[in-house]
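For reference, the structure discussed in these notes is given below.
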Amino acid sequence: MLKDILTTIAPTGTIDETGEILSLTIDAKDWREVAVQLRYHEGCKFDYLFCVTAVDWKTHFTMVYHFDATEGRQRLVVKAKINDRTNPEIETVCDIWRTAELHEREAYDLMGIKFLNHPDLRRLFLTDEWVGYPLRKDYDDPINMIKL
Amino acid sequence: MCNVAYGAYAIAKNFQIWDLNIGVLYVSAVSSFAVIGILMAGWSSNNKYSLLGAMRSGAQIVSYELSAGLSILTIVILTGSLKVSDIIQSQETGWWLFKGHIPALIAFVIYVIAITAETNRAPFDMAEAESELTAGFHTEYSGMRFAFFFLSEYINIFIACGIGATLFLGGWMPFHIGHWEAFNHIMDFIPSSVWFLGKVFFLIFVIMWFRWTFPRLRIDQLLNLEWKYLLPISLFNLLLMTVVAIMGWYF
Amino acid sequence: MDVNAKDPKSTFPGQVHSSPGGGIVVSKLDEVINWARSNSLWPLVFGTSCCAIEMMSAASAKYDFSRFGFEVTRATPRQADVIIISGTIVNKMAPVLKRLYDQMPEPKYVIAMGACATSGGPFFYNTYSVVKGADHVIPVDIYVAGCPPRPEALLHALISLQERVKEGL
Amino acid sequence: MKPLKTGNFQPMGAISLLLLICVGVAFAGGGILVSNLISRKSTNAQKGEPYECGVPTVGQSWIQFNVGYYLFALLFLIFDVELVFLYPWAVVVKELGMPALIEILVFMFILFLGFLYAHKKGALKWM
Amino acid sequence: MFEEVGRTETGDLIINIGPQHPATHGVLHLVITLNGETVKKIEPHLGYIHRSIEKMCESLTYRQYIYVTSRMDYLSSHINNHACALVVEKGLQIEVPQRAQYIRVILDELNRIASHLLWWGAIAMDVGAITPFFHAFRERELITDIMEETCGARLTMNFMVPGGTMMDIHPDFVKKTKAFLNFFKSKLPEYHELVTGNVIFKGRLEDVGVLSKEDAISYGTSGPVARASGVSCDVRKLYPYDVYSQINFEEAIETKGDCYARYKVRMKELEESIRIIEQLIDNIPEGEFQAKTKAVLKLPKGEYMTRVETARGDLGVYITSEGGTTPYRIKFRSPGFSNLSALDHMVRGSKIGDMVAIMGTLDLVIPDIDR
Amino acid sequence: MGFLADYISTVYNSVKSLLIGMKRTGYYFTHHKEIITEEYPDNRATLKMADRFKGEVIMPHTETNEHRCTGCTACELACPNGTIKIITKFDITPEGKKKKAIDTFIYHLELCTLCNLCVDACPTGAIQMGQGFEHSVRNRADLTKVLNKPGSKVLEGVE
C-alpha cells in the first residue's frame with residue numbers, strides 16, 4: 001500500500017487521508033530525500049510532477065506538490081512546510097522532474113521562496129527590478145493595485 | 001538602392017527595345033542582379049532578421065539560378081539561337097512546350113519552380129519568411145523604399161514569367177492547332193500583345209497559386225530540392241534534349 | 001512620444017493651409033493624400049490576448065477587413081500604419097509597446113481594442129501588473145469597448161479611424 | 001555548317017537601353033523624392049535602433065557568419081561557369097550533331113564527379 | 001587577427017523572437033542563440049502578459065472568479081470555466097443536473113473543435129501556408145455562431161456557473177450543432193488534402209522536435225503534446241468528470257513524438273470530438289439546467305484540486321479555502337506552462353524554421369502560460 | 001536500381017500531393033458560391049445579432065420614462081470588476097415616506113466584460129444585455145455612461 005511506503009520514505013511526515021487525494025505533510029528540510037524516494041522507489045514511482053504551488057499562511061509557507069504516477073495511476077500531494085518566513089528556503093527538485101524548473105522559478109518570482117541548487121533562479125514573470133513578492137499576503141502596492 | 005538599377009535593367013528586355021543577339025543570356029545575367037540587391041539591403045540594415053534573410057536568399061537565389069539557366073538552355077538547344085526574336089520565330093508552328101516532347105515539359109516545370117524560388121515567392125520565400133524572420137531582408141525598410149522592394153519583386157516575377165512565356169509558350173505567337181485553319185485564323189485575330197501578356201499572366205497566376213497552396217520549405221530542404229533533385233534532373237534533361245534535338249525528334 | 005504630429009495644424013509640410021490664395025490645390029492634394037492613406041492602413045501584427053483572436057476573425061474569410069484596405073498585416077512596425085492593441089498591456093509589455101510605436105513611421109494610428117486596452121478592463125482592480133489602459137503608454141486614436149469586441153465592432157472602429165484619417169487628424 | 005552569327009551592334013538599341021535605365025533611376029529617385037516631400041517625419045531615440053520584436057538587441061548583428069551559406073555560393077560558382085560554357089555549345093549543338101553530345105557528356109561527367117565529391121564531403125548538407 | 005575581430009570564436013548570433021512576433025502566437029519572448037541557422041539554445045522569457053489572475057481571484061467570490069478564467073486560455077474558455085465550476089461543486093458537493101452536464105460537455109467539445117481549428121490554421125500559417133487559415137476560420141465562425149446564440153458571446157462565454165449553466169440552451173442549438181457537424185465532416189477530407197498529405201508540410205513536421213516518452217513525462221507535458229509521445233494522459237479518460245464516463249470515445253495516441261505526431265493527434269481529436277457530440281446531442285435530457293445553490297457560496301475549509309482536459313492539455317485548479325467567500329489561495333496549473341518547459345529540449349540542434357513548427361505544434365496560448 | 005526507383009517514386013508522390021493541394025485551392029478560386037464574407041457596413045440595416053448577444057448593459061425605460069431599478073445595488077455587488085456604480089438618493093413619496101431610489105446609474109462600458117452576472121443578480125429585471133456593439137469612440141470618457149435617463153422614475157409597484 002502507498003501509505004505504508006510513505007511511512008517508510010518519510011517517517012517524520014504525517015499522512016492525511018481526509019481529502020480527495022492522499023496527502024503527506026513533511027518538513028522542508030526532509031524534502032529532498034523524500035523526493036528522490038518518491039521518484040525512484042519501487043512502490044510508488046511518481047514520475048509526473050503535476051503542479052507546484054506555494055501557499056503563504058502568514059506565519060509560514062507551504063510548498064504543495066501534486067504527483068501522478070503514469071504507470072500505477074496513483075496520486076499524491078506532498079506538502080513541505082517552510083517555517084522561516086523571512087528567508088524561506090527549500091531544496092530544488094528540478095533535476096528529478098525537469099518540469100519543476102519553470103514551476104520553481106514561478107514560485108520564486110511570486111512568493112519569494114528560494115530553491116537551493118536551482119540552476120537558474122531568476123524572476124520569471126516580473127521584471128528584474130520588481131520589489132517584493134506579489135502573491136504573499138502582506139504584499140501591498142498602492143501604485144499599481146487599485147483595491148475594489 | 002541596388003534594386004532600382006536592377007529593376008530598370010530588367011525592364012529592358014521584354015518589350016523588345018533592343019533585340020540583342022544574346023538576348024536570353026543577357027536577361028538571365030541581368031535578372032541575377034536581384035540577389036545583390038537583397039544581400040546588400042539585408043546586410044546593411046544592421047538587423048539580425050535581415051541578415052539571416054539576406055544570407056538565406058543569397059544561398060537560395062544563386063542555387064536556383066542554375067536550374068533556371070539549364071532549363072533555358074534546353075530551348076536554346078532546340079532553337080540554336082540566343083536571340084529572342086529567333087526563338088519566338090521558331091515557335092511559329094507550335095509552342096516549344098508542346099513541340100519539344102517530354103524534355104521540354106520537364107524543363108518547363110523546373111523553370112517554373114526555379115523562378116518561383118528566384119523571385120522569393122512562397123513556398124520559397126525564405127528571405128522574407130514572415131513567421132520566422134518577421135519580414136526578412138526588408139524588415140528595416142519603410143515607406144517608399146519598402147515599396148520599391150515590393151515593386152522590384154513583382155517586376156522580377158513579371159520578367160521571369162516573360163522569359164518563360166517567350167521560351168516555352170511562344171512569346172506573342174498565337175495558339176495554333178495543327179491544320180485547323182479556321183481555328184488558327186480566329187486565334188490570329190487576337191492581338192499579339194494580348195497573347196504575350198496572357199501567357200505571362202497565366203504563369204504569374206500559377207506562381208500565385210503556389211503561394212496560396214503550399215507551406216514554406218525549410219532552408220535545408222530548399223537547398224536539398226535544388227541540389228539533389230532539380231539540378232540532377234535538369235542536367236539529365238539537358239542531355240535528353242540534346243539527343244532529341246540532334247535526332248530531330250521534335251515536331 | 002510625438003503627440004504634436006497629430007496636431008491638425010502641423011499635418012502637412014509648408015503650412016499651406018494658412019497661406020492666402022493658391023492654397024486650394026495643395027489642400028486638395030492634402031485631401032487626396034489623406035484619402036489614399038485612409039484606404040491603405042496596414043495594421044501591425046500585435047496581439048497579446050483574447051482580442052487577437054477576434055482580430056484574426058476580422059482578418060479571416062467571414063469579416064475580411066482587407067475590404068477596407070487593411071490588407072496586409074505586417075510583422076514589422078516599420079511597414080505598419082496602424083497598431084491594433086488587441087489585449088491586455090502589462091507593465092512588462094509597456095516598454096515594448098512604446099518601442100514598437102516609436103519605430104513605426106509617421107503617420108501612425110492606434111486602435112485600443114477591447115476593455116483591457118482601453119482601461120485595463122477585467123484587470124482594473126486588484127492586479128499588480130496591468131497597465132490601466134494603453135493610453136498611459138501611447139496616444140490612442142480609437143477606443144473599442146467589448147470583451148472582446150465582435151469583429152464587426154472592430155470593423156466599425158476601423159471605419160471610424162478611416163474617417164479620422166480623412167479629416168487629416 | 002552555317003557560319004556563326006556575328007554581333008551586329010545596334011546603336012539605337014543601346015541608346016534606348018540607356019534611356020530605359022535613366023527612366024528607371026528617375027522613377028525610383030523621383031518616388032523617393034516625392035515621398036520625402038510629402039511625408040510626415042518624426043524622430044526619436046528608439047526609431048534609429050534595429051527592430052527586434054520590440055526588445056533591445058543583444059550583441060552585434062554583423063558577426064562572422066556560419067560557413068554554410070558560402071559553400072553553396074562556391075558550388076554555384078562552379079556550376080555557373082559551366083553554364084556559361086554551355087551557352088555557346090547549346091547554340092551550335094544542332095549543327096554539330098553527335099560529336100558535340102559526346103563532348104558534352106565527357107564535360108558533364110567530370111562535372112558530375114565533382115558534384116558527387118561535394119555531396120560525399122557533405123558540402124550539400126546544411127549545417 | 002582573431003583577437004581583433006573579437007567575436008570569431010563562437011560565431012553565435014543571439015536573436016530575440018518575440019514579444020511581438022507572428023510565430024509566438026502572442027507575447028512570448030524567446031532569446032535564441034543561433035549558429036548559422038541552427039538553434040543552440042532557447043531561453044523563454046515570460047511575463048509579457050502576466051495579469052496576476054491568481055492574486056485577483058483571491059478577492060473575487062466563487063461566482064465571480066470564473067469569468068476571469070475565460071481570459072486565461074481564451075481558446076478553451078468554456079473548458080476553463082468548467083474546471084472552475086467543477087472545483088466549487090466539488091467543495092460544496094452540489095449535484096449538477098444531467099441536462100447541465102450534457103450541455104457542458106457538448107459545449108466543451110465544440111470549444112475544443114474551435115480551438116483545434118484555430119490551431120490548424122495557425123500551424124499552417126506558421127509553416128507558411130495561407131489558405132488553411134481561412135478554411136479553419138470558416139468552420140470556426142459556425143461554432144462561434146452557435147456559441148453566440150446560446151451563451152451570448154463568441155469567445156469568452158462565462159456560461160458555466162457553479163451548479164450548472166447560466167442559461168438554458170437556445171432552441172436552435174441542437175439543430176445548428178447538427179448542421180455544423182455535418183458540414184464539418186464534409187470539410188475534414190479537404191483539410192487532409194490541403195495540408196496533411198502535402199509533402200512540404202510533412203517534410204517540415206516529420207522528425208522535427210522529437211520528444212521521447214520519458215522526457216514527455218519528466219517535463220510534465222500533457223494534452224496532445226504528451227499523447228503524441230505515447231503517454232496516455234487524457235483526463236477525460238483517467239479522471240472522468242460530468243458525463244465523460246458514459247461516453248464512448250478513444251484517446252488519440254501516437255508514439256513517435258515528433259511534430260507530425262502531434263499534428264495527427266490533434267486531427268484525430270477533432271474526429272473524436274465530433275463523435276462525442278454526436279453521442280450526446282440527441283440525448284440531452286429534459287430538466288433543470290442549474291442546480292439550486294445559495295446566493296453566496298462559501299467553500300468549506302480545505303483544499304480542492306480539479307483537473308480537466310482543455311484543448312491544450314491538463315488544466316488543474318487548486319483552491320485553498322479558509323471557509324470564506326473568496327479563495328485563500330488559488331493556483332491554476334496551466335498545460336501550456338509545462339509544455340513550454342520542454343521547448344528548449346525539443347528545439348536544440350534544429351533549424352530556426354523547425355522552431356516555428358515546434359512552437360506551432362505545442363499550441364501555446366501565452367495568457368494561459370503567464371496567467 | 002532501388003535507389004533510382006525510390007528517387008522517382010519520391011518525386012512522383014511529392015508532385016502528386018502538391019497537385020492535390022493545388023486542386024483544392026483551385027476549386028475555391030473558381031467556386032464563388034462558397035464565399036461567406038459578410039459585408040458589414042453595407043448590411044447594417046439587416047444585421048441582426050443573436051438573441052442573447054451581449055453587447056452592453058442597458059436599462060429599458062417605458063414610454064413614460066420609468067425604469068425598474070430600485071437601487072438595491074445587487075448588480076454592483078455582483079459585478080466582478082466595478083463596472084457599475086449606483087448613486088442613490090431618497091425620494092419623498094406622496095405619503096411623506098422616504099424611499100430609496102437611484103440618482104445616477106453609472107456604467108463603465110470601457111471596463112465591462114459582458115459576463116452577465118449583473119443581469120443575473122438583478123431581482124427586478126431592471127437591466128438587460130443590449131444588442132449594440134458599435135462602441136468605438138475617440139475619447140475614452142465617452143464610454144462611461146449613465147443608464148437612467150434624466151428625470152426617470154421607478155415603475156410603480158416594483159420593489
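Note on naming: letters A, B, ... go to the chains in the order of the sequence lines (proteins, then strands), and numbering restarts at 1 for each one.
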Of the backbone (N, CA, C, O) and the side chain (C-beta and beyond), which part of C:Leu100 lies under 4.5 Å from a heavy atom of chain E, both, or neither? side chain
Contact class of C:Leu44 relative to chain E, heavy atoms under 4.5 angstrom: side chain
Could you tell me if the side chain of [Y] sits less than 4.5 Å from the side chain of [X], heavy atoms only?
X	Y	result
E:Leu270	E:Ile113	yes
C:Pro149	C:Leu154	no
E:Ile14	E:Ile32	no
E:Leu30	E:Ile15	no
C:Asp141	C:Val165	no

Could you tell me whether the side chain of C:Asp135 and the main chain of C:Val140 form a donor-acceptor pair under 3.5 Å? no
Counting heavy-atom pairs closer than 4.5 Å to chain E, which one of C:Cys50, C:Ala52, C:Gly120 comes out on top? C:Cys50
List for me each residue that meets ring-ring contact (aromatic ring centres under 6.0 Å, His included) alongside E:Phe180, sequence neighbours excluded, and say none if there are none. E:Phe184
Short of 3.5 Å, which donor-acceptor contacts do chain C and chain E share? List atoms and distances.
from     : atom 1 : to       : atom 2 : distance (Å)
C:Val45  : O      : E:Gln20  : NE2    : 2.6
C:Ser49  : OG     : E:Arg51  : NH1    : 3.4
C:Glu54  : OE1    : E:Arg154 : NH2    : 3.4
C:Glu54  : OE2    : E:Arg154 : NE     : 2.7
C:Lys62  : NZ     : E:Asp145 : OD2    : 3.3
C:Tyr63  : OH     : E:Arg154 : NH1    : 3.4
C:Ala75  : O      : E:Gln20  : NE2    : 3.2
C:Thr88  : OG1    : E:Arg51  : NH1    : 2.8
C:Lys92  : NZ     : E:Leu46  : O      : 2.6
C:Pro122 : O      : E:Tyr67  : OH     : 3.4
C:Asn126 : ND2    : E:Ser59  : OG     : 2.9
C:Tyr128 : N      : E:Ser52  : OG     : 3.4
C:Tyr128 : OH     : E:His50  : NE2    : 2.8
C:Ser129 : OG     : E:His50  : O      : 2.6
C:Cys147 : O      : E:Arg71  : NH2    : 3.3
C:Cys147 : O      : E:Thr156 : OG1    : 2.9
C:Arg150 : NH1    : E:Glu148 : OE1    : 3.0
C:Arg150 : NH1    : E:Glu148 : OE2    : 2.1

Looking at CG of E:Leu107 and SG of E:Cys151, how far apart are the two atoms once the value is rounded to the nearest 0.5 Å? 5.0 Å
Checking E:Ile49 against chain C: side chain, backbone, both or neither under 4.5 Å from a heavy atom? both
Part of E:Leu46 within contact of chain C (heavy atom distance under 4.5 Å): backbone
